[in-house]
Amino acid sequence: MAETAASGPGMPQLDITTFSNQIFWLVVALVVLYFVMSRVALPRVASVLADRRGAITADIAAAEEYKLKAQDAEDAFKKAEADARAEAQRIVEAAKAEMQEALHAQIAKADAEIAAKSAESEKRIREITANAVEMVAEVSNDVTKDIVAAFDMKADARSVTAAVKAQMKGDA
Amino acid sequence: MAEESGGLVIKPMDQFRVESLFGGDIAWYTPTNVTLWMALTVLAATALMVFGARGRALVPSRAQSAAEMTYGFVYKMVEDVAGHDAVRFFPYIFTLFLFVLFANLLGLIPFAFTTTSHIAVTAVLAFTVFFVVTALGFILHGTKFLKLFWVDSAPLALRPVLALIEVISYCVRPVSHSIRLAGAMMAGHAVAKVFASFAAALGAFFFVPILAVTALYALELLVAVIQAYVFTILTCVYLKDALHPAH
Amino acid sequence: MEGDIAEMGKYIGVGLTAIGMGGAAIGVGNIAGNFLSGALRNPSAAAGQTAMLFIGIAFAEALGIFSFLVALLLMFAV
């Protein structure tokens, strides 16, 4: 078989004269490839894959942490909101109470003022009334004196005044 | 031979001829087309795995992604088929896979020389695996490794017969392992060459064989990858037998 | 004349060995078909068994390649 292959157009695969050459170069190629792979390529790819896995794990952990942080922040915000609401409520209550108090004070003061003013007015009315009565009496005296004078009668002031007084008392 | 058919001269085996690159006789050290295409295979594998993954990017580029997928694919295959303790042989299995894969794929380039179509090459690959695996089995398990051939679940009378069959099938493994790869490569290339020769002979109907060659080429691409995969996975299966000889 | 008969016998032998590849084709088709029917019954388990599918195909195909090799040897080496 080998003879025909070597000489004729048979199968080059069976030409054993080339075997040593093929095997030699195959071993060389395999050894080179093995060293390139095991020393350079595979550790590099493995480290890249490990880095990626680490990065993914770390990122997931970080995301988890951020989620917790966001939760905390939300809780804090809710608490602050509730506090603010309570504070506002308290302030509103206080303001209301204060206003009520002020209102009461104002009302009381106004009442007092009104009372004072009305008392004064009353007093002045009474004065005015008294004045008026006096003046009426005076006018009556004068008028009576004049009337009496007109009738040519002598009238002394004392009796006229007494008469007018008596008359006015009767009216009153 | 085919010379008898007059004008139609088909020499499908010429493409497998080993030739000296610079002329002269072929000694064991002569640079031949075997040397050239094996060097290209090594370069292509290096280009993918070393320069492809050079960026070390966290988000990989296309080449780096391909390198990582190849790595992950072979790693998973070793781990799934041969078990977790086979991972220390991963570099060698990976080297085998890349070498066979790129030799097959580069051989598909027109006018290329397919190193894996030579039985001498595949036999070295397969017998290396065979001897390493057998030696490993005896080193790890001593004589217990022979239990691989002793089928406990069979009836006692049948066991010697089965043991003989198991031993024969075990010893035939490297033969089938190597001939499968070389045969598949050789067959595809020879058929492609035959069809291509028809195109020259058919004159006006040259496009029919060319269409056939195109379809065949797609099939060959598939076969090239599948044969590399099968070669590797069988290596893993044999390795598993050595690491865990119990049936 | 004598050589022609030997040549004829050789080609007949090559043709006969090619039948062996038909057997491999049946075997590969059988494996792939059974894998598909099993995978359709239980798709979740199919992904883990593709390695077994390829190993089976490789074993069946190897025998076809052996017959092809015998054909090639007859054709070119004998």
Side-chain angles (χ1 to χ4, degrees), chain A residues 1-70, chain B residues 1-3 11 13-20 25-32 34-36 38-39 41-42 45-46 48-50 52-60 64 67-68 70-72 75 90-92 94-96 98-99 102-103 115 117-121 123-125 128 182 186:
Chain A
M1 276 195 329
E3 286 80 32
T4 49
S7 57
M11 285 179 75
Q13 277 88 351
L14 299 177
D15 182 2
I16 52 170
T17 56
T18 64
F19 276 19
S20 56
N21 182 276
Q22 293 189 42
I23 291 167
F24 169 68
W25 288 114
L26 171 67
V27 170
V28 169
L30 274 186
V31 167
V32 169
L33 191 60
Y34 179 78
F35 275 99
V36 169
M37 287 298 133
S38 63
R39 292 291 141 89
V40 184
L42 295 182
R44 182 180 294 183
V45 175
S47 79
V48 169
L49 289 180
D51 281 0
R52 183 166 315 140
R53 204 167 302 135
I56 288 170
T57 317
D59 284 359
I60 287 173
E64 200 71 32
E65 200 173 301
Y66 284 131
K67 198 178 159 194
L68 284 179
K69 268 188 191 162
Chain B
M1 317 312 137
E3 278 94 331
K11 291 181 184 161
M13 303 320 253
D14 275 7
Q15 56 180 321
F16 304 120
R17 201 175 285 281
V18 176
E19 274 153 0
S20 180
D25 284 342
I26 296 170
W28 61 269
Y29 53 84
T30 319
T32 54
V34 179
T35 319
L36 173 67
M38 277 183 182
T41 304
V42 171
T46 310
L48 174 67
M49 294 309 296
V50 176
R54 184 181 41 189
R56 293 169 176 261
L58 212 55
V59 178
Q64 192 186 337
E68 282 167 11
T70 317
Y71 180 96
Y75 193 90
F90 170 66
Y92 185 65
F94 191 78
T95 305
L96 272 186
L98 268 197
F99 183 82
F102 277 103
T115 49
S117 70
H118 273 259
I119 190 75
V121 171
V124 169
L125 294 175
T128 313
M186 196 202 309

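Here the structure is a predicted model, which is why all the values come from computation and not from measurement. The sequence lines fix the lettering, A, B, ..., with proteins before strands; numbering per chain opens at 1.
- Of the listed residues (Val27(A), Val48(A), Asp51(A)), the one with the most heavy-atom contacts under 4.5 Å to chain B is Val48(A).
- When each of Thr46(B), Thr115(B), Leu48(B) is checked for heavy-atom pairs under 4.5 Å with chain A, Thr46(B) comes out on top.
- Rounding to the nearest 0.5 Å places CD of Glu68(B) at 12.0 Å from CZ of Arg44(A).
- One N or O on the side chain of Asn21(A) and one on the backbone of Thr30(B) form a donor-acceptor pair closer than 3.5 Å.
- Atom-to-atom distance recorded for Tyr34(A):OH and Leu98(B):CG is 13.5 Å, nearest 0.5 angstrom.
- For Gln64(B), the part lying near chain A is the side chain, with the backbone staying farther off; criterion is any non-hydrogen pair under 4.5 Å.
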Next item on the list: Go through Leu125(B) and Leu30(A) one step at a time and tell me if the side chain to side chain contact (heavy atoms under 4.5 Å, CB included) criterion holds.
Entry: CA-CA 9 Å; Leu125(B) 294 175; Leu30(A) 274 186; 3.4 Å; yes
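- For Ala45(B), the parts lying near chain A are the backbone and the side chain together; criterion is any non-hydrogen pair under 4.5 Å.
- There is a side-chain donor-acceptor pair under 3.5 Å between Gln22(A) and His118(B).
- Considering only heavy atoms from C-beta on, Val36(A) comes within 4.5 Å of Val50(B) through its side chain.
- One distance of note links CD of Gln13(A) with CE of Met186(B); it measures 4.0 Å at 0.5 Å rounding.
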Margin query: Please evaluate residues Ile119(B) and Phe19(A) with respect to the criterion side chain to side chain contact (heavy atoms under 4.5 Å, CB included), reporting the C-alpha separation (whole Å), side-chain torsions for both, the decisive distance (0.1 Å), and the verdict.
Written below: CA-CA 9 Å; Ile119(B) 190 75; Phe19(A) 276 19; 4.2 Å; yes
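- If you measure heavy-atom distances from Ser117(B) to chain A, the contacts under 4.5 Å come from both the backbone and the side chain.
- Using a 4.5 Å cut-off between heavy atoms, Tyr92(B) touches chain A through backbone and side chain atoms alike.
- Side chain of Arg52(A) to backbone of Val59(B): no donor-acceptor contact under 3.5 angstrom is found.
- Between Ser20(A) and Trp28(B), the shortest heavy-atom distance links the atoms OG-CB, 3.6 Å.
- Between Pro12(A) and Phe16(B), the shortest heavy-atom distance links the atoms CB-O, 3.4 Å.
- Within the 4.5 Å cutoff, no side-chain heavy atoms of Leu33(A) are placed close to those of Thr41(B).
- When each of Leu96(B), Asp25(B), Val34(B) is scored by its heavy-atom pairs under 4.5 Å with chain A, the top score falls to Val34(B).
- No side-chain heavy atom of Thr95(B) sits under 4.5 Å from any side-chain heavy atom of Phe35(A).
- At a 4.5 Å heavy-atom cutoff, Ile56(A) makes no contact with chain B through either its backbone or its side chain.
- With a 4.5 angstrom heavy-atom cutoff, Leu49(A) touches chain B only via side-chain atoms.
- Heavy-atom distances place both the backbone and the side chain of Phe99(B) under 4.5 Å from chain A.
- Among Ala103(B), Ala182(B), Pro60(B), Ala67(B), the residue with the largest count of heavy-atom pairs under 4.5 Å with chain A is Pro60(B).
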